[in-house]
Amino acid sequence: MIVNFENVSKKIGSNYILENINFDIKKGHVFALLGPNGAGKTTTLRLITGLLSATNGEVKVFGKKISSNKNNKIRQNIGIQNDCSLYEKLTVNQNLKFWGKLYGIDSNKIKDKINELTNIFKMNNKLNSKVSTLSKGMKQKVLIMRAIMHEPRLLILDEPTSGLDPQMIEDVISYLDVLVKKFNTSILMATHQLQGLEDFVDDIAIINSGKLMLNGNAKKLINNRWKNYVYEIDSDHNDIALNICLKYGNSYIKNGKLLTECIKRNEISNISKALFDYGLNIYGIVEHKHTIKDMYFETIKGEMNEYSYKNYI
Amino acid sequence: MNIHIKTIYKKELLEIKQDKPLIASLLALPLILGVIFPTIFLSLGYDKSFLLSTEKISPMIKHFSSIIPNDINGHTEILYIILMYIFLPLFLIIPISISNVISSSSFVGEKENKTIEGLLNTPITNKELVFGKILSSVIPSILITWISMFIYGILIDVFGFNIFNKIIFPNFEWIFMALILAPMITILSIQLVICISSRVKTSKSAQSVAIVFIFPIVAFVISQASGLLIFGIWMEILLSFIILIINIIIFYSITTKIDREKLILNL
């Protein structure tokens, strides 16, 4: 286990920022920490790096208990990209060199690593530019490069795609994928970018107001939550179609779209036949795949909580 | 030198080098004390009527009579006292003010620019961080002080030769001050900035608190001029010893008591 939170609570002043949090991050897994602003994500990340210490419970990183001031060996194996700033007066190259040296990388390797990363992140022509002259997206790239240049065992990313263009998001995700598959790096990612997350993430935890709402393998959670096959039907009269679908099972209109749930996959053939027989024009029937985004909104809306989730599994 | 300390130290120097307005502000005081003031006083030394008029301040000369060399004659004694003793504690203001500006912008500046969290997430220890920051403030401050003292000395010895008929700079007090007392007092001033850095949010507030350090120096200059306290070699040795002890205690206290959590939460 790379990270282990056991009944962790954190009190700052008189407020509990986190309460009784439990989760694990496994080796080589990508873990997404999700939650609205102020949910306690940053506090969670700071507890892992030992910048904050838990009021109750235990945080273990690489199997060792983490405490506030004596975690230098543990930090050696962690790479962090968060909203911390770079040294604006220094160039990209100087910033990266400084970081590499702090992690004890020798000068030649730093040079090679900077070359490799600037190629991947398409920053070669900005290497000698002062950070103060870079755009937000470019600074974000440098922050990611800084976090991964010492090849950490655990990579912590806080909103890694914020400020990046779509092509760059693709490139960053592909590179992170390589880190996981080739080097078995574990990634903890706090993000609000939920679209397409299931393609990259293994496990998720959703926290809200300092409480863990949901935690586990993303695919299992989705499959357990939505056991039925859901189809989106587009017809010329969705209201009539809804009445027909209701005869076969749970059906509803969501965001103007007609959705019908089937316990068995082939039930959709009977429904489509019934719709045709009635004389409706059917423009499309698409299987609606539930995503982490659906899971997130269901959870945050309070339709699920940690306890009711247990009933699904 | 430990790689982390060296890395911090090099980064700080690089940042100072990039900041031209900062360099200009750091060089103003050494220029005034090291070049402008001695030039004014030495040019007065060539004015016979000025020298004769200074003999009237005989009570001041009396206090220094035991330490003024015998071959300094009557009407140049006061100029000798000014150049070799009154200016002596004034030169302590140079490393204090320079280190004050550098250390407050380097330590509190990390908080101000939101770079401190990234730094605290690295494998650097508290001792390495504090030591690296102290070094990066001490070295430029002392170097600039030495250079300004060197220029001051050259001016005194070249242009003062005709006045005093001998090379008067440096004496033992100046050498001890340059090599021992100035670094000691500079380290103390930097540590004070580091102590208050967790409680203030901007480098300007850190500077304004740390500037109180200049007051005892000014008090020394005044007491020296009035003859209350002569800033001689024994005074320097005593002061250096006391400051050394205080420095060790503060360094131990800072490095063991730096609370990363407090630093982060006070951002």
Side-chain angles (χ1 to χ4, degrees), chain A residues 10-13 17 42-43 45-55 67-91 93-95 97-107 110 130-132 142-143 146-147 150 152 154 156 158, chain B residues 1-23 102 105-107 109-133 136 198 203 253-267:
Chain A
K10 177 66 189 171
K11 196 177 181 185
I12 296 175
I17 308 298
T42 303
T43 304
L45 302 186
R46 284 173 171 174
L47 283 165
I48 294 171
T49 59
L51 282 188
L52 301 181
S53 51
T55 310
S67 63
S68 177
N69 289 325
K70 294 170 185 165
N71 304 302
N72 309 310
K73 282 185 183 161
I74 293 175
R75 288 193 189 107
Q76 178 70 42
N77 292 304
I78 303 179
I80 304 149
Q81 167 273 316
N82 54 11
D83 61 354
C84 291
S85 303
L86 296 155
Y87 294 96
E88 299 265 325
K89 288 175 201 159
L90 304 185
T91 64
N93 195 31
Q94 287 165 338
N95 265 280
K97 265 188 184 168
F98 170 61
W99 225 245
K101 291 234 166 119
L102 280 184
Y103 282 92
I105 312 173
D106 75 69
S107 301
I110 289 176
K130 276 192 184 178
V131 168
S132 57
V142 182
L143 282 168
R146 191 174 86 165
H150 64 288
L154 170 65
I156 298 176
D158 192 358
Chain B
M1 195 193 291
N2 171 308
I3 183 78
H4 285 158
I5 296 172
K6 204 170 156 186
T7 307
I8 290 280
Y9 159 72
K10 277 188 172 175
K11 189 274 288 178
E12 295 293 331
L13 287 193
L14 203 57
E15 280 199 293
I16 296 169
K17 243 170 77 180
Q18 309 278 355
D19 197 340
K20 301 281 185 290
L22 179 75
I23 293 176
I102 298 175
S105 71
S106 100
F107 215 91
E110 296 270 7
K111 282 173 80 177
E112 239 175 332
N113 302 323
K114 293 182 177 171
T115 49
I116 187 82
E117 186 168 348
L119 199 55
L120 294 178
N121 276 328
T122 65
I124 193 165
T125 65
N126 290 346
K127 264 186 194 156
E128 290 164 341
L129 180 62
V130 173
F131 202 67
K133 294 278 185 187
S136 59
S198 62
S203 49
S253 157
I254 292 174
T255 51
T256 50
K257 285 183 186 161
I258 276 191
D259 189 337
R260 295 184 179 215
E261 180 159 336
K262 267 190 191 162
L263 268 173
I264 292 300
L265 295 177
N266 282 344
L267 279 177

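Naming: A, B, ... by sequence-line order, numbering from 1 per chain. Model, not experiment: these values are computed from the prediction.
Judged as a side chain to side chain contact (heavy atoms under 4.5 Å, CB included), and not counting sequence neighbours, B:Ser105 has no contacts. Residues satisfying the side chain to side chain contact (heavy atoms under 4.5 Å, CB included) criterion with B:Leu22, sequence neighbours excluded, are B:Ile16, B:Asp19, B:Ser25, B:Leu26, B:Val101.
Contact annotation for A:Glu88: neither backbone nor side-chain heavy atoms come within less than 4.5 Å of a heavy atom of chain B. A:Asn77 does not touch chain B: none of its heavy atoms, backbone or side chain, sits under 4.5 Å away. Contact annotation for A:Ile12: only side-chain heavy atoms (C-beta onward) come within less than 4.5 Å of a heavy atom of chain B. With a 4.5 angstrom heavy-atom cutoff, A:Ile80 touches chain B only via side-chain atoms. Proximity to chain B is absent for every atom of A:Lys97, based on heavy atoms less than 4.5 angstrom apart.
Under the 3.5 Å distance criterion, with hydrogens and angles disregarded, a donor-acceptor pair is assigned to the side chains of B:Asn121 and A:Thr49.
Across A:Thr42, A:Leu52, A:Ile17, a single residue satisfies side chain to side chain contact (heavy atoms under 4.5 Å, CB included) together with A:Leu47, and that is A:Leu52.
Side chain of B:Lys20 to backbone of B:Lys17: a donor-acceptor contact under 3.5 angstrom is found.
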